[in-house]
Amino acid sequence: MIEVSHLVKRHGHRTVVDDVSFTALPGRVTGLLGPNGAGKSSTLRILLGLDRATSGVATIDGSPYRSLSRPLLSVGAMLGGPGAHAGRTARAHLTWVAQSNAIPERRVDEVLEYTGLRDAARRRIGGFSLGMGQRLGIAAALLGDPRVLVLDEPTNGLDPDGIRWTRRLLRSLADEGKVVLVSSHLMTEREDTADDFVVIARGRVVASGAAADVTGSHRTLEDAFFALTDEGADFRSTGPDGGTR
């Protein structure tokens, strides 16, 4: 599982992640939600070893990401799009990523087919639409058939069909027993997909739990999200008795 415990990140005098704790469990989609600038991406960057925490820990199956010898076989991630050179083709990009972790080349064809990019395999990435770039990033994350998926805003730029495809993908991966952690600044993008929610505002967790726990007395989950991310929101999480605190 993913476990984030009392994570703090400061840039000078500014605290961007403030005592964040949560878990993401196998067989469940966990939505990491919050407005832009809430601290979601900073949390994910620390989890994936791209940044160092000021204090606290973030682990995957009990180990930090940096300790994994072939990380793509354990964790598939997409942060900020595909992260690919615009002059490369989709196939070349995925082949290079596969070779970096000794993943068989046949897996490249499998993920191209799976993400609907087979016909675009030899096109240069610079000519891709934003949605195609998102699909390429997801394809790279799936290369190692990892047990943990970490996706930052995976539906950004996708058309309605692509959004529906991504929802089905996330659900199917969780149903296979994988850990799926997905961030978004739109509650509606995760409401129909996530099993568990972690809502972050101003660097702090302001609510966590299943949909009913986060919604509380609000009419809808979306109403709760906007109320919780207001400046005056207090922390609320699921208590041991199933209530909130």
Side-chain angles (χ1 to χ4, degrees), residues 2-24 29-60 64-65 75 77-83 130-131 133-134 137-138 141 149-158 162-163 166-167 170 180-194 196-209 211 213-216 218 220-237:
I2 291 173
E3 186 169 11
V4 175
S5 181
H6 300 292
L7 205 64
V8 175
K9 177 62 180 180
R10 297 189 182 95
H11 294 295
H13 297 294
R14 186 167 64 97
T15 301
V16 295
V17 179
D18 187 4
D19 197 28
V20 166
S21 296
F22 66 88
T23 58
V29 177
T30 300
L32 182 63
L33 307 172
N36 291 331
K40 304 185 303 296
S41 294
S42 294
T43 299
L44 296 184
R45 286 182 60 81
I46 293 169
L47 174 66
L48 296 171
L50 299 173
D51 204 353
R52 293 186 182 276
T54 302
S55 62
V57 294
T59 59
I60 299 166
Y65 184 91
V75 185
M78 181 182 74
L79 295 183
L130 181 57
Q134 292 293 89
I138 293 172
L149 272 296
V150 179
L151 304 175
D152 188 16
E153 305 279 3
T155 55
N156 184 34
L158 294 181
I163 291 172
T166 303
R167 289 173 177 165
L170 298 178
V180 181
L181 176 62
V182 55
S183 78
S184 179
H185 65 281
L186 297 173
M187 175 65 79
T188 52
E189 286 303 321
R190 300 282 73 83
E191 186 171 1
D192 295 333
T193 310
D196 304 307
F197 299 86
V198 180
V199 183
I200 294 182
R202 302 168 303 283
R204 300 188 68 241
V205 174
V206 294
S208 65
D213 302 313
V214 174
T215 302
H218 297 280
T220 66
L221 193 59
E222 186 175 49
D223 289 343
F225 174 78
F226 285 116
L228 289 163
T229 54
D230 282 345
E231 284 296 324
D234 295 323
F235 173 79
R236 176 157 56 85
S237 69

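In this structure, the side chains of Val17 and Val8 stay at 4.5 Å or more apart for every pair of heavy atoms. Counting heavy atoms from C-beta on, the side chains of Thr166 and Leu151 never come closer than 4.5 Å. Looking at heavy atoms from C-beta onward, Phe22 lies out of side-chain contact with Asp196 at the 4.5 angstrom threshold. Contact check for Met78 versus Ile138: side-chain heavy atoms found under the 4.5 Å cut-off. For the pair Val16 and Arg14, the minimum side-chain heavy-atom distance is below 4.5 Å. When side chains are defined from C-beta on, Leu79 counts as touching Arg45, because their heavy atoms get closer than 4.5 Å. Contact annotation: the side chain of Leu47 approaches that of Leu181 to within less than 4.5 Å [non-hydrogen atoms, C-beta and beyond].
Here the shortest heavy-atom pairing between Leu48 and Tyr65 reads O-CD2, 3.1 Å. Pairing each heavy atom of Pro35 with each of Ile200, the nearest pair is CD-O, 3.5 Å. Closest approach of Asn156 and Gln134 over heavy atoms only: O-CG, 2.8 Å. Of all heavy-atom pairs spanning Asp19 and His6, the tightest one is OD1-ND1, 2.8 Å. In terms of heavy-atom proximity, Leu228 sits nearest to Ala207 at CD1-CB, 3.5 Å. Between Ala53 and Leu7, the shortest heavy-atom contact is CB-CD1, 3.7 Å.
Partners of Ser41 under the side chain to side chain donor-acceptor pair (under 3.5 Å) rule, at least two apart in sequence or in another chain, are Asp152.
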